[in-house]
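Below is one structure, written out as structure tokens, with a few remarks after it.
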2 protein chains.
Amino acid sequence: MSLEHVLLAMLGTPASGYDLKAQFESGVRFFWSAEFGQIYPTLKAMQRKGWIEGRSEPSPKGPPRIVYSRTSVGTREFHAWLRGGPVMGNERFAWIAQLIHYGELHDLDATERFIDELSRKQSFVRDALADALSGVEIDHPQGDSTMDDILFHEWLALQVGLRAIQARIDWCEEVKRTIHARRERASRKVTEPNSERNGKR
Amino acid sequence: MSLEHVLLAMLGTPASGYDLKAQFESGVRFFWSAEFGQIYPTLKAMQRKGWIEGRSEPSPKGPPRIVYSRTSVGTREFHAWLRGGPVMGNERFAWIAQLIHYGELHDLDATERFIDELSRKQSFVRDALADALSGVEIDHPQGDSTMDDILFHEWLALQVGLRAIQARIDWCEEVKRTIHARRERASRKVTEPNSERNGKR
DNA sequence: ATGACCATGTAATCCGTTACATGATTCG
DNA sequence: CGAATCATGTAACGGATTACATGGTCAT
């Protein structure tokens, strides 16, 4: 289970389940997320395994918090997870599966709307990532040489996230132009039916 | 549930559960996949809803096949799914979560090995995607103008998949250079301790 | 006092993987 | 004969989402 290891990673500095959820919402959310319904039971399971330990602390607002921290066993487990090499999940891209079959609609306008919405949705994520990245880069205008190891790796992760999403957005813009040209050709075929021959197979 | 809709999309041409699994293995596998254990029960559920209907056909090799095809109800459901706009799942990238926390190891060699393996794994997928794409493009050297709607959209999907993965591979290569420079600086700090002052925060 | 936020938790449900069971055909 | 491929299915398990329950504080 990867969630256990992701939480273990975040518990390098002690935090409660509530804190961890908040961290998912702000920043890590682009790469991973989880709901309370999964977080709380998982933390208990990790505690049973001896990877983390929790102590109850009074909270100024609301009920007492349970703040978890990694044990030495947990730290060893976490480092083993890192050194085990990249964990590549079977990612599922429903929107690409949709696009593959969009041709069945024979409606280029619909395809364009689809690409437009895709572009807009991804731009939101891109903007958030770009903000996070520039937050790091204004503090370190000479690049990574002034960053410590922790920040350097966080910066790398932000970079690769931004690159991949920007590549998809660029592709969206390019496809819009391709669609315009294709629609041009299609309408010319209708208005001038005595041209060569239409490309239907 | 997206799997139902993905199967529905694929059943534009009739197929058995076994056929659908084979389609996942070859091509669609980069964007979506499913196991028999999920495919067969899902097909039955879709049949109960009236989205598809199956008829048993004798098979030359092995037991009789159940070939499913979309009903008109299923086709309407499928088109509604397409027109509902891009379905963006909460993608989970465990390897980015790993990378974020890799700084804790304070071991640049380990980071480099991680990036190397990431690059190699992704290159496999890239090569397969590139092959599929060139298969389309050697039949259509003038670009999309000679493709019908179906092929055009399949070509778009292959393109965006390739672009995104290539962006990540390019980033890997760039990071390797960054790491070399960083290691250079780190070793110089050790051999010439009387330089400016080291960048630890 | 109403709603927003703090904080933890359980239960129902669903999605997905793995393992297993069955049995026919074909090729070496 | 044994292995590979064809073909369908069930059961057990694990992972993830959603909904619900509880109850405190704080600001409007």
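Just so you know, these numbers come straight off a predicted model, no measurement behind them. The sequence lines fix the lettering, A, B, ..., with proteins before strands; numbering per chain opens at 1.
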- Look at the aromatic rings of A:Y102 and A:F114 and report parallel, tilted or perpendicular, splitting at 30° and 60°.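 The rings of A:Y102 and A:F114 sit tilted, inter-plane angle from 30° to 60°.
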- Task: May I ask you to decide if the ring planes of A:W51 and A:H5 are parallel, tilted or perpendicular, using 30° and 60° as cut-offs?
- Result: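 Because their plane-to-plane angle lies in the 30° to 60° range, the rings of A:W51 and A:H5 count as tilted.
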- Look at the side-chain N and O atoms of A:K61 and state whether any lies under 4.0 Å from the OP1 or OP2 oxygen of C:dA7.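 It does not, given that no N or O in the side chain of A:K61 lies less than 4.0 Å from OP1 or OP2 of C:dA7.
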- Message: Under 4.0 Å from OP1 or OP2 of D:dC6: is there any side-chain N or O of B:S59 that close?
- Response: no
- Note on the structure: Result for 5'-nearest mapping on DNA chain D, choosing between B:S16 and B:R92, is B:S16
- Item | Upstream residue (5' side of DNA chain D) when B:V67 and A:F36 are each assigned their closest nucleotide |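 Mapping each residue to its closest nucleotide by heavy atoms, the 5'-most match is B:V67.
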Give the rounded distance in Å between these two atoms: [atom1] of [X] and [atom2] of [N].
X     : N      : atom1 : atom2 : answer
A:K44 : C:dA11 : NZ    : P     : 12 Å
B:I39 : D:dG9  : CD1   : P     : 12 Å
A:L43 : D:dG15 : CG    : P     : 15 Å
B:R55 : D:dT8  : CZ    : P     : 13 Å
A:W32 : D:dG15 : CH2   : P     : 11 Å
B:D19 : D:dA7  : CG    : P     : 7 Å
A:Y18 : D:dT25 : OH    : P     : 15 Å
A:Y40 : D:dA16 : OH    : C1'   : 17 Å

Which nucleotide, [options], lies nearest any side-chain atom of [X]?
X     : options                : result
B:M1  : D:dG9, D:dC6, C:dC15   : C:dC15
B:Q38 : C:dC15, D:dG9, D:dT8   : C:dC15
A:E35 : D:dT18, D:dG23, C:dG16 : D:dT18
A:N90 : C:dT17, C:dG23, C:dA7  : C:dT17
A:R65 : C:dT8, D:dT5, C:dT17   : C:dT8

- Roughly how far, to the nearest 0.5 Å, is CD of A:E184 from NE2 of A:H180?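 That separation rounds to 9.5 Å.
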- Query: How long is the span from the CZ atom in B:F31 to the CH2 atom in A:W95, to the nearest 0.5 Å?
  - Reply: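 Here the interatomic distance stands at 8.5 Å.
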- Message: Quick one: does any side-chain atom of B:S119 pair with a main-chain N or O of B:I115 as donor and acceptor, under 3.5 Å?
- Response: no
